[in-house]
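What follows is a single structure, written as structure tokens, with notes after it.
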Amino acid sequence: IDQVGWAKSGALSSLRVYPPPAGREASLVATAAAEPIAWAEVLALAPEADRPGMYEQFICHWELAELAQPGKVSWNLEPWRPEVDDDTMVSTRCNPGGTEEPF
């Protein structure tokens, strides 16, 4: 992970995760061993991201973002989103509880 940064709009916040090219490539051939390493990189940069549902959003982006929207500038994780099952996470394009944040 190159960098992370918080964005805020009113009471809503979003952690922007910026994967490097190598991270994007690794996500396309995701292995169970690589996911926790990448998440540990996120937590090293933003320890406050260790909240319910954030890891699951990250894994959804890790596994699907480059397939669905190659080169998306950032993978956005929101602590206000509900915890959901895997099927719901995928059907909502990693954005359960509403569309991608408007900010």
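- Inter-residue side-chain proximity for P79 and W6 is flagged as met; some heavy-atom pair is nearer than 4.5 Å.
- Looking only at side-chain heavy atoms (C-beta outward), N76 and N95 stay at 4.5 Å or farther from each other.
- With hydrogens and angles ignored, the 3.5 Å screen pairs a side-chain donor or acceptor of W80 with a backbone N or O of S13.
- One finds the OG atom of S14 at 11.0 Å from the NZ atom of K8 (value rounded to the nearest 0.5 Å).
- The environment of CZ in R24 is crowded: more than 12 heavy-atom neighbours from other residues, nucleotides or ligands sit within 6.0 Å.
- With 3.5 Å as the limit, one finds a donor-acceptor pair spanning the side chains of T88 and D85.
- Put simply, the side chain of R51 gets close to the backbone of E48: a donor and an acceptor are under 3.5 Å apart.
- In this structure, E66 contributes its side chain and G71 its backbone to a donor-acceptor pair below 3.5 Å.
- Put simply, the side chain of W75 reaches to within 4.5 Å of the side chain of W62, judged on heavy atoms.
- Here the closest non-hydrogen pair linking A38 and I1 is O-CG1, 3.7 Å.
- Atom CG of D86 sits in a sparse spot, with 12 or fewer heavy atoms from other residues, nucleotides or ligands closer than 6.0 Å.
- Distance CE/M89 to CD/E63: 10.5 Å, rounded to 0.5 Å.
- Remark: C60 SG to R93 CZ distance equals 9.5 Å, nearest 0.5 Å.
- The shortest distance between side-chain heavy atoms of V4 and R16 does not fall below 4.5 Å.
- Taking every heavy atom of both residues into account, A49 and V42 meet most closely at CB-CG1, 4.5 Å.
- Contact check for V90 versus L64: side-chain heavy atoms found under the 4.5 Å cut-off.
- Considering every non-hydrogen atom in both V17 and F58, the closest pair reads CG1-CE1, 4.3 Å.
- Between I59 atom CD1 and W39 atom CH2 the span is 8.0 Å, to the nearest 0.5 Å.
- Atoms OG1 and CZ, from T92 and R81 in turn, are 7.5 Å apart once rounded to the nearest 0.5 Å.
- In this structure a side-chain-to-backbone donor-acceptor pair under 3.5 Å is present from Q57 to E78.
- For the pair P52 and E83, the tightest heavy-atom approach, listed with the atom from each and the gap, is CB-OE2, 3.3 Å.
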